[in-house]
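Along the sequence shown, residues are numbered consecutively beginning with 1. Order of appearance sets the numbers: ligands from 1, and atoms from 1 within every ligand. Basis for what follows: all heavy atoms, side chains included, without hydrogens, waters or symmetry-related copies.
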Amino acid sequence: MCGKEMDYIQEAFDTNWIAPLGKNVDYFEREIAAYAGVKAAAALSSGTAAIHLALKACGVKQGDIVFCSDLTFAASCNPIIYEQAVPVFIDSERKSLNMSPAALEKAFKKQVPKAVIAVNLYGQSADMAAIKRICDKRNIPIIEDAAESLGATYKDKMSGSIGKFGVFSFNGNKIITTSGGGMLVSDDEEAIAKARFWATQARDQARHYQHSELGYNYRMSNIVAGIGRGQLTILSERIKQKKAIYEYYKNAFEEIGEIEMCPIASWGKPNYWLSIILLEPDSKIKPLDIMLALEKENIESRPVWKPMHLQPFYEHYEFFSDNSDAIAVSEDVFGRGVCLPSDTKMTEKDMARVCGIIKGLF
Ligand SMILES: *Cc1c(COP(=O)(O)O)cnc(C)c1O
């Protein structure tokens with residue numbers, strides 16, 4: 001927290017607008033929409049809820065096929081299952097670790113989905129122009145999962161503003177947090193209004209409680225939105241700090257041939273949410289060695305997301321890769337990647353300690 005959150009929370013308390021809704025919700029929606037450069041936003045209880053409502057807005061129903069990035073967190077694709085639709089997973093490309101346009105094209109040759117969920121992983125935008133070109137040809141809407149990439153750019157656009165729908169998350173682990181929350185954004189104001197309707201139990205405009213559609217309790221509270229408004233004031237500062245962390249690691253590991261920083265594609269600026277390293281395939285030191293060495297010093301690190309096509313729950317769904325090697329790009333990255341400590345509260349001394357422990361292994 002930065003401190004400013006308390007002012008907005010206090011105002012909510014003073015006016016007794018706690019929930020549901022209130023001024024903070026309205027303003028947080030407007031502020032996020034303005035920041036992302038889109039016409040409308042709906043403040044929701046989570047990023048997962050935002051993906052779910054985006055799928056509904058795209059008309060996804062039982063049995064429909066939805067393409068989704070393979071290398072991601074399960075929240076990207078779980079809502080496909082909520083709607084009893086069928087996920088098909090698309091491999092990553094090496095340039096950004098995000099959805100491979102070539103693999104996407106391959107999947108389109110076999111079948112046309114109802115929607116495509118393209119994830120902007122670890123704070124970096126996917127190659128949205130290439131993905132959009134493929135989807136636009138068949139008029140298929142893109143849901144841009146920008147849960148991890150708030151504040152990143154793709155060419156001259158903000159991450160999350162390129163797909164038909166964009167999704168942000170304010171979960172505790174993201175670049176800014178409201179303790180928990182999400183935002184659905186779009187230029188389609190009517191669709192966003194519909195999402196707000198679904199998110200507040202789909203109550204028809206009638207004096208009595210009447211429901212013509214299935215609803216959800218997905219709205220963000222006025223207190224939570226107050227935290228978000230405070231957090232938004234420090235987002236640009238956070239991005240600067242995150243970039244400095246990435247640069248620190250990059251410089252520190254320059255002399256270690258086995259360590260490569262997560263590739264950054266030239267089409268945009270990441271928000272540097274997490275700093276990732278990839279170990280060379282022939283490195284004797286493996287990700288687990290690094291994680292264990294850090295753990296011994298009470299320092300947390302994590303593996304890269306485990307690809308969805310390898311998940312026990314998802315392994316029987318179709319998966320498309322363009323990689324001619326024996327192994328998918330997502331699987332290769334999973335086997336060689338480590339997410340390093342990336343918290344903006346870290347001091348230079350903390351980072352030096354992390355790097356010292358890792359370099360000691362080589
Ligand atoms: C965090 C995250 C989500 C889900 O957001 P919640 O607010 O936690 O529901 C979705 N997709 C990705 C890629 C995420 O990292």
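- Near Asn171, the atoms of ligand 1 lying under 4.0 angstrom from a non-hydrogen atom of the residue are 7 (O), 8 (O).
- Other residues, nucleotides and ligands contribute more than 12 heavy atoms inside 6.0 Å of the CZ atom of Arg94.
- Ring planes of Phe319 and His309: parallel class, angle under 30° (limits at 30 and 60°).
- The shortest N/O to N/O separation between Ser169 and ligand 1 falls below 3.5 Å.
- Of all the heavy atoms of Asn173, none lies under 4.0 Å from any atom of ligand 1, so neither backbone nor side chain is involved.
- Within a 6.0 Å sphere centred on CD of Gln210, heavy atoms belonging to other residues, nucleotides or ligands number more than 12.
- Counting protein heavy atoms only, atom 2 (C) of ligand 1 is closest to Lys174 NZ, 3.0 Å.
- Electrostatic pairing of Arg138 and Glu105 counts as a salt bridge here, judged by a charged N lying under 4.0 Å from a carboxylate O.
- The backbone and the side chain of Thr48 each have at least one atom closer than 4.0 Å to an atom of ligand 1 (non-hydrogen atoms only).
- Annotation: Trp305 places no N or O atom under 3.5 Å from an N or O atom of ligand 1; distance criterion only.
- Between Tyr317 and Phe89, the ring planes are perpendicular. Angles over 60° get that label, and only those under 30° would be called parallel.
- A salt bridge is defined here as a Lys NZ or Arg NE, NH1 or NH2 lying under 4.0 Å from an Asp or Glu carboxylate O, and Lys194 with Glu213 meets this definition.
- Other residues, nucleotides and ligands contribute over 12 non-hydrogen atoms within 6.0 Å of the NZ atom of Lys359.
- Shown in contact with Thr72 at under 4.0 Å from a heavy atom are these atoms of ligand 1, numbered in order with element: 13 (C).
- Considering backbone and side-chain atoms together, Glu148 places an N or O closer than 3.5 Å to an N or O of ligand 1.
- Using 4.0 Å as the threshold, Gly182 has no heavy atom nearer than that to any atom of ligand 1.
- Evaluated by nearest non-hydrogen atom to atom 3 (C) of ligand 1, the leading choice among Pro79, Ala75, Ser46 is Ala75.
- More than 12 heavy atoms of other shown residues, nucleotides or ligands fall within 6.0 angstrom of atom NZ in Lys174.
- Proximity to Val119 (heavy-atom distance under 4.0 Å) selects the following atoms of ligand 1: 13 (C).
- Of the charged side-chain nitrogens involved, none lies within less than 4.0 Å of a carboxylate oxygen, so that Glu148 and Lys242 do not count as a salt-bridged pair.
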For residues 244-259, dump all side-chain donor-acceptor pairs below 3.5 Å to protein atoms at least two apart in sequence or in another chain.
residue : atom : partner : partner atom : Å
Tyr246  : OH   : Cys262  : O            : 3.1
Tyr249  : OH   : Pro341  : O            : 2.6
Asn251  : ND2  : Glu247  : O            : 3.4

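- At least one heavy atom of Gly181 sits under 4.0 Å from some atom of ligand 1.
- The protein non-hydrogen atom at the shortest distance from atom 11 (N) of ligand 1 is Asp145 OD2, 2.7 Å.
- The residue from Gly47, Ser69, Ala147 that puts a heavy atom closest to atom 14 (C) of ligand 1 is Ala147.
- Those atoms of ligand 1 with a heavy atom of Phe73 less than 4.0 angstrom away are 2 (C), 14 (C).
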